[in-house]
There are 2 protein chains.
Amino acid sequence: MTAEAKAAIPASPALTERQEARRRRILHASAQLASRGGFDAVQMREVAEAAGVALGTLYRYFPSKIHLLVATMQDQLQHLHSTLRKHPPSGDSAAERVAETLMRAFRALQREPHLADAMVRALTFADRSVSPEVDTVSRQTTAIILDAMGLDHPTPQQLSAVRVIEHTWHSALITWLSGRASIAQVKIDIETVCRLIDLTAPASD
Amino acid sequence: MTAEAKAAIPASPALTERQEARRRRILHASAQLASRGGFDAVQMREVAEAAGVALGTLYRYFPSKIHLLVATMQDQLQHLHSTLRKHPPSGDSAAERVAETLMRAFRALQREPHLADAMVRALTFADRSVSPEVDTVSRQTTAIILDAMGLDHPTPQQLSAVRVIEHTWHSALITWLSGRASIAQVKIDIETVCRLIDLTAPASD
DNA sequence: ATCAAGTCTGGAACTTGTTCTAGATTAGCG
DNA sequence: CGCTAATCTAGAACAAGTTCCAGACTTGAT
């Protein structure tokens with residue numbers, strides 16, 4: 001670990017300073033517009049204007065609206081993850097800590113419901129052309145949950161349980177965002193699915 | 001149960017015969033186009049033409065492309081449900097029967113992956129304006145799962161488990177459709193989540 | 001059979017995501 | 001500095017979902 005501490009996008013061919021600044025302005029504009037009016041309010045022309053770049057440039061950085069919003073989600077998840085690292089959950093069992101972590105994330109999203117709407121809709125609407133990016137989001141989420149469980153070397157069974165928890169998390173989020181489930185119901189579902197963790201981690205070993 | 005056996009949409013103000021026929025032609029055209037090329041291939045102008053109605057009429061019957069595809073899903077689910085009723089799952093435990101049922105549904109969707117893509121994308125992309133219809137789909141799914149469990153009067157805990165299973169089912173479907181998970185992985189996840197059923201239904205009672 | 005209200009048709013028009021083009025700017029290099 | 005390739009800008013153009021409209025057709029009630 002030398003001075004080269006922040007290496008977020010090693011795959012891309014390295015951006016110049018001005019390009020990095022443009023990328024950041026774009027993501028900021030995207031989040032801003034999403035916070036106002038959700039998915040529909042993130043209009044590519046408006047994002048471009050708010051970020052001070054031409055429409056063509058926006059499309060060079062993010063090849064579609066979905067790509068843009070998924071990237072926005074990566075950004076937000078990174079914030080969340082570092083916040084959570086600073087204030088880890090306090091429950092006794094792994095299941096409790098995971099449920100607590102997810103509900104905390106949930107309340108964070110509640111504060112910006114429109115932004116949550118935009119990001120989650122983009123995530124579930126993404127087709128194959130966005131798979132790599134969506135996969136990154138999934139890995140970030142997995143990392144957050146494994147952190148809460150306090151595991152470094154999960155078993156295949158535990159990984160499967162984590163995947164199921166992620167499924168539940170995403171889907172519950174959607175039902176809440178579309179007004180078909182209350183926060184209370186989401187809480188119950190999260191707690192229910194977290195019991196799976198206890199199934200995969202018996203007292204032994 | 002008299003001759004009035006098929007009462008599917010009692011909420012709407014009752015359609016004439018020709019209107020019912022139009023509605024059916026539209027749904028058929030929608031499924032047809034979806035089977036070919038998925039969500040993107042269901043273009044409203046093409047649906048209208050294939051169904052032999054004007055574009056404005058299509059929009060009178062289904063106020064958006066999402067409404068149309070969710071209705072298409074309702075239709076397909078109804079088929080599936082009646083098929084499943086005729087050939088109930090054979091597993092010994094409730095968990096086994098539910099997993100078997102869902103995997104069977106999965107294989108049915110595998111046969112028409114483009115159609116599955118169109119319907120599921122519409123379902124998860126739906127916003128609040130489609131909530132009632134999405135809710136209907138959710139209730140249909142719940143009914144199928146409860147059927148497989150063999151329950152008439154589920155406890156709240158069991159209902160919560162069923163909801164989590166539905167969450168997992170939808171989300172796993174999406175990851176499979178977008179090429180981020182294999183069938184084998186979906187199977188594992190379904191079986192994993194179905195273990196929740198055993199947790200809510202102990203040997204007693 | 002006739003009238004009023006509601007429905008359907010064909011087609012134009014509008015919106016927003018996406019693509020394309022020609023010319024200006026910038027970055028890297030000798 | 002001066003050149004070349006890459007990048008950026010402004011804006012037109014295109015695609016598909018959605019809305020609107022004027023006129024023709026149906027339906028239901030009298």
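The structure displayed is predicted, hence computed values, not measured ones. So that the names make sense, note that chain A is the first sequence line, chain B the second, and so on, each numbered from 1.
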Handout entry: Sub-4.5 Å side-chain heavy-atom contact between A/L177 and B/D127
Key = no

Practice task
Taking the six-membered ring for Trp and the full ring for Phe, Tyr or His, determine whether the centres of A/F125 and A/F39 are under 6.0 Å apart.
Solution key: no

Exercise for the section: For the residue pair B/L196 and B/I165, establish whether any side-chain heavy-atom pair is separated by less than 4.5 Å. Expected result: no

Practice task
Mind checking A/V42 for me? I need base, sugar-phosphate or nothing, with any heavy atom below 4.0 Å counting as a touch.
Solution key: sugar-phosphate

Practice task
Examine the side chains of B/T192 and A/S160 and answer whether a donor and an acceptor come within less than 3.5 Å of each other.
Solution key: yes

Problem - Phosphate OP1/OP2 of C/dG17 contacted by A/R45 side-chain N/O (<4.0 Å) - result: no

Problem - Atom pair distance, as rounded to whole Å: CG in A/L58 and P in C/dC20 - result: 16 Å

Practice task
Check every strand shown and say whether B/F62 touches a base, only sugar-phosphate, or nothing at a heavy-atom separation below 4.0 Å.
Solution key: nothing

Handout entry: d(OH, A/Y59; C1', C/dT18) in whole Å
Key = 5 Å

Exercise for the section: Could you state the atom-to-atom distance from CE of B/M44 to C1' of C/dT16 in whole Å? Expected result: 16 Å

Handout entry: Minimum-distance pair of heavy atoms, taken over all atoms of A/A99 and A/E191
Key = CB-CG, 4.3 Å

Exercise for the section: Please state how far atom CZ in A/R60 lies from atom C1' in C/dG17, giving the value in whole angstrom units. Expected result: 19 Å

Handout entry: Boundaries of the chain A footprint along DNA chain D (any atom under 4.0 Å from a heavy atom)
Key = D/dT7 to D/dA13

Practice task
Name the closest nucleotide to the A/R18 side chain, picking from C/dT26, C/dT18, C/dT9.
Solution key: C/dT26

Problem - Spacing of B/R22 atom CZ relative to C/dC8 atom C1', expressed in whole Å - result: 6 Å

Handout entry: Side chains of B/R18 and B/T16, donor plus acceptor under 3.5 Å
Key = no

Problem - Protein-nucleotide distance (A/Y61, atom OH; C/dT18, atom C1'), rounded to Å - result: 19 Å

Problem - B/K65 NZ to C/dT16 P, straight-line distance once rounded to whole Å - result: 17 Å

